Amino acid sequence: MASVSNAAKLTISFVSCCLMTFLSLNSEHLNSAEEPTLNALNMNALHKAVHFPQRFRFSSILSLNGILNPEIFKFNSFSTVLTDKTDSKPKISDQVSVISELISKQHWRKIRDILKESNPDEILQQLLDSEADPRVIIQYFRWLEGALGVLHSLDMYCRMLHLLFDGRVYSQVRKLLNGLVQNEKYSISEIFHKLSMSGDSFGVNSVLVDMLVQAYVRNSKLSMAVEALKRAWDYGFKLSVLSCNPVLSALADANDVKGMEYAFKEMIRRRIQPDIITFNTVISGFCKVGQLQKAGDCLEDIKIWGLSPSVVTYNALIDGYCKKGRIGKMNRADALLKEMRSMNICPNEITYNTLINGFCRDQNLSAAMRIFKEMQDKGLQPGVITCNTLIKGFCADGKMGDALDVQNVMFLLDLKPDIVTYNVLINGYCKKGMLKEARELLDDADEKGLTPTVITFNTLIDGYCKVGMMDEAVALQKLMMKRNVDPDISTYNCLINGFYRNGDAQAADNLLKTMKKIGHTADIVTYNIMVGALCKKGKTRKAARLLDEMLEMGLAPNHLMYNTIIDGYCREGNITAAMSLRMQMEKDGKRANVVTYNVLIKGLCIKGKLEEANQLLNEMLEKGLNPNRITYDIIKDEMIEKGFVPDIDGHLYTQSAVP
DNA sequence: TTAGGGTTAG
């Protein structure tokens, strides 16, 4: 290998240093969606230059000023400033020249005529070997696929990918990769094998694999993305944070926290430097499933990795505590707000909205209002989302007057209520049974030029169903269809439940049939409604059979469903069946929760089996489950009556020595 | 590529 002069080495190292500084300083300015491989590409170009300096000359643009000019960087990847001197491809042949011209002019009929005499694939080969513009070749490539139904070989795909990549036509690289992953014709090992056999070995393939992983994520092929991530290393491809982050994010969205953890560890093991987005993604993933301890550990890890937490980091953590925290969760959320301030990380509107939402969910409206005021004191203007959150808080508390006051504040703040504002208010009135007021709001939204959504209609339909106004509910369903708002599965669920609740099982069953006929699939809520209705009628065994039907449909029964059926068995006095279903639910990976224990304890108490009820109470404590008021209300009187006394904490019941 | 608000089972 040719050696590199010291001067060149120094230049490159200096430029590399500037480049890294630039990238870290300007990462916000770079549109990575448009240029996801920029960092990697630049490093590859550098890498290439270091090893083959004789093939490159440094353009005069490669000055400190040039490197530090974001405008230049936006439009020129680093490799742009390195000009390949030795690339001497064969001259374009006459036929190829004619074809290129025809493609450029989109004269496909003439091309068809030519193809009567020639092989389309051979022409593609010639085009790929020529100096024709990759933008032109890709048109022919696609036309062959679309118009002639040609299934390109993986070899052709790879050549096309390299050509487009070399021509820096990245948008087309992405499109081609989308096609490649969508048709699923080639496995990951086939693609990796072919890529490793073709192109150069200086990182372009790694960047292509990076883009391939992103294509898998973009096209919702998550398991393929993970497989690619796992196997890339075996083929010598070095992935970047730009492909790892989307995989982590998709795994977190899918609630696959184990997969996310694995991918993160794999990333570290492969020495792929995580960035703050990596940590924010992982933290948000942990928070989503309530693993707050691990999320907190990640906050510490950020510092270990020499990174600084951002406002997004704290927003994710605060949201995690607000939504998944236990006792004292809002104190912890408040403490995080103080902590971020002490670190000079400025809370933004999202931070305050998150906290307001947390306090509202906690029914602590005064604290929510305190935050609302505080954000304004700090110079942050509340937005529509802030107000909607507060309105929802007041509505949930049944305080419609306060909710309307917030709506008035919106006018003062020059904020226009949106359809969500109306949905929240309509829901508030519906929950209070004030259907007239709710309906008037729908008309008001219309007058204000806001388009009611499927949620607007569902809210109101459910309101009517809950007060037994089924005719009005059905009329509203017709109205929504007339206004081109398609009823969704929730619309049907509200109506079906309404019919069952109002004792019209026939109408509910008919609607179920109609719903299925027009292509809506029952979801977990539909099944819960059906199960609830059957259990109420004393047909628990029939309800239990729906569990199998669900599994066949690929739906996993949830706690509510198991608990409803267990409760049904208990009410029927069939404790054996209830206990056996409880075993089944645990086998299905659903741990019995407080409600499960409550219904079982209640069933045992009704049967007079207080010893066994007490054993279950013990068991739930041993498993770290906190009995709630309902638990004690169920057993208290009967236990005491039968000579059991609560222990000093009022928890366990023990046989009293005193009769 | 990361963070916040609206409907249905209970």
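What you see is a predicted model, and the numbers here were worked out from it, not measured in a lab. Only this structure's heavy atoms are used, side chains among them; waters, hydrogens and symmetry mates stay out. Chain letters run A, B, ... following the sequence lines, proteins first and then strands; every chain starts at 1.
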Does this structure show an ion pair linking [X] with [Y], if we count only N-O contacts that are shorter than 4.0 Å?
| X | Y | answer |
| --- | --- | --- |
| A/Lys432 | A/Glu437 | no |
| A/Asp319 | A/Lys323 | yes |
| A/Glu374 | A/Arg341 | yes |

Expressed in angstrom and rounded to an integer, what is the separation of [X] atom [atom1] from [N] atom [atom2]?
| X | N | atom1 | atom2 | result |
| --- | --- | --- | --- | --- |
| A/Asn423 | B/dG5 | CG | C1' | 11 Å |
| A/Tyr352 | B/dG5 | OH | C1' | 18 Å |
| A/Leu534 | B/dA9 | CG | C1' | 14 Å |
| A/Leu415 | B/dG5 | CG | P | 18 Å |
| A/Ile496 | B/dG10 | CD1 | P | 13 Å |
| A/Leu317 | B/dG4 | CG | P | 12 Å |
| A/Met530 | B/dT8 | CE | C1' | 14 Å |
| A/Asn315 | B/dA3 | CG | C1' | 5 Å |

Between [X] and [Y] (side chain of the first, backbone of the second, donor and acceptor by atom type, cut-off under 3.5 Å), is there such a pair?
| X | Y | answer |
| --- | --- | --- |
| A/His559 | A/Arg591 | yes |
| A/Ser243 | A/Leu239 | no |
| A/Asp588 | A/Lys590 | no |

Heavy-atom check, side chain of A/Ile496 versus side chain of A/Tyr500, under 4.5 Å: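 Of all side-chain heavy-atom pairs linking A/Tyr500 with A/Ile496, at least one is under 4.5 Å.
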When all nucleic acid strands are considered with a 4.0 Å heavy-atom cut-off, which category describes [X]: base, sugar-phosphate, or nothing?
| X | value |
| --- | --- |
| A/Asp523 | nothing |
| A/Asp488 | nothing |
| A/Leu560 | base |
| A/Asn563 | nothing |
| A/Ile419 | base |
| A/Lys288 | nothing |

Residues in contact with DNA chain B, drawn from residues 453-469 of chain A - heavy-atom cutoff 4.0 Å: A/Thr453, A/Ile455, A/Asn458, A/Thr459, A/Asp462, A/Lys466
Nucleic acid contacts - residues 384-397 of chain A versus DNA chain B, non-hydrogen atoms under 4.0 Å: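 Here the set is A/Val384, A/Ile385, A/Asn388, A/Thr389, A/Lys392.
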A/Asn493 side chain near B/dA9 phosphate (N/O to OP1/OP2, under 4.0 Å): no
A/Lys536 side-chain N/O to B/dG10 phosphate OP1/OP2 under 4.0 Å: no
Closest non-hydrogen atom pair, A/Ile391 against A/Ala403: CG1-O, 3.7 Å
Side chain of [X] only, please: which of [options] is the nearest?
| X | options | value |
| --- | --- | --- |
| A/Asn558 | B/dA9, B/dT1, B/dG4 | B/dA9 |
| A/Ser490 | B/dA9, B/dT2, B/dT8 | B/dT8 |
| A/Val424 | B/dA9, B/dG6, B/dT1 | B/dG6 |
| A/Asp418 | B/dT2, B/dA9, B/dG5 | B/dG5 |
| A/Asn357 | B/dT2, B/dA9, B/dG4 | B/dG4 |
| A/Leu242 | B/dT1, B/dG6, B/dA9 | B/dT1 |

Residues A/Asn348 and A/Asn315: side-chain donor-acceptor under 3.5 angstrom: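 Distance-only check passes for A/Asn348 and A/Asn315.
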Pair A/Phe264 + A/Phe279: ring centers closer than 6.0 Å: yes
Set of salt bridge (charged side-chain N to carboxylate O under 4.0 Å, His left out) partners for A/Asp523, sequence neighbours left out: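 Listed in chain order: nothing, the list is empty.
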All salt bridge (charged side-chain N to carboxylate O under 4.0 Å, His left out) counterparts of A/Lys542, not counting sequence neighbours: none
Runs of at least three Watson-Crick or G-U pairs with DNA chain B, cut-off 3.5 Å: none
Distance-only donor-acceptor test (3.5 Å): side chain A/Asn348, base B/dA3: yes
Salt bridge (Lys or Arg N to Asp or Glu O under 4.0 Å) pairs, two or more places apart, involving residues 350-362 of chain A: A/Lys329-A/Asp362
